[in-house]
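Reading through the structure tokens given below for one structure.
Every value quoted in this text rests on a predicted model; they were computed, and no experiment measured them.
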Amino acid sequence: MADDKSKRGNRDRDRVSGEEDYEVRHFANKVGLTVQQVRDLIKQHGNDRKTLEREADKLRG
């Protein structure tokens, strides 16, 4: 089921939903990685946005 975009709370903003293509694409564009790299990071580290940003920085060098 798709995200309900009418619900705008902070709880959802600290996570990246690996099941929502648009969220993965947006995050990938933001951090300069491919969609597949982001999906791999989510599988390895979970969907916490801060953790994913830290790990993306490590991947980029």
Side-chain angles (χ1 to χ4, degrees):
M1 178 176 236
D3 273 347
D4 183 352
K5 293 175 184 58
S6 67
K7 296 180 181 178
R8 298 192 181 262
N10 288 335
R11 292 183 299 144
D12 194 40
R13 293 184 184 183
D14 63 349
R15 305 270 181 224
V16 177
S17 176
E19 297 174 4
E20 298 293 340
D21 289 337
Y22 73 94
E23 284 193 30
V24 175
R25 280 193 314 267
H26 174 75
F27 187 78
N29 287 335
K30 178 182 173 187
V31 298
L33 297 177
T34 66
V35 170
Q36 187 58 50
Q37 286 174 311
V38 171
R39 289 191 189 281
D40 291 342
L41 285 177
I42 292 171
K43 285 179 186 175
Q44 291 174 349
H45 303 285
N47 65 348
D48 179 68
R49 188 173 299 274
K50 287 182 181 181
T51 301
L52 292 173
E53 288 174 351
R54 183 183 66 235
E55 295 301 321
D57 283 343
K58 289 180 186 177
L59 273 180
R60 287 185 311 208

message: Val38 vs Leu52, test: side chain to side chain contact (heavy atoms under 4.5 Å, CB included). Steps then yes/no.
response: CA-CA 8 Å; Val38 171; Leu52 292 173; 5.5 Å; no
Exercise for the section: Apply side chain to side chain contact (heavy atoms under 4.5 Å, CB included) to the pair Leu41 and Leu59, showing each step before the final yes or no. Expected result: CA-CA 10 Å; Leu41 285 177; Leu59 273 180; 4.0 Å; yes
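Rounding to the nearest 0.5 angstrom, the gap separating the CD1 atom in Ile42 from the CD atom in Glu19 is 10.0 Å. Interatomic distance, OH of Tyr22 versus OG of Ser17, reported as 7.0 Å (0.5 Å rounding).
Residues in residues 26-42 take part in these salt bridge (charged side-chain N to carboxylate O under 4.0 Å, His left out) pairs, two or more places apart or across chains: Asp21-Arg39, Lys30-Glu53.
Listed by chain and number, the residues in a side chain to side chain donor-acceptor pair (under 3.5 Å) with Asp57 are Arg60 (sequence neighbours excluded). In this structure, Lys50 has no side chain to side chain donor-acceptor pair (under 3.5 Å) partners at least two apart in sequence or on a different chain.
Of the possible donor and acceptor atoms, none in the side chain of Arg25 sits under 3.5 Å from a partner among the backbone N and O of Val35.
Heavy atoms of other residues, nucleotides or ligands lying less than 6.0 angstrom from NE2 of His45 number more than 12.
Scanning all heavy atoms of the two residues, the minimum distance from Ala56 to Leu33 falls at CB-CD1, 3.6 Å.
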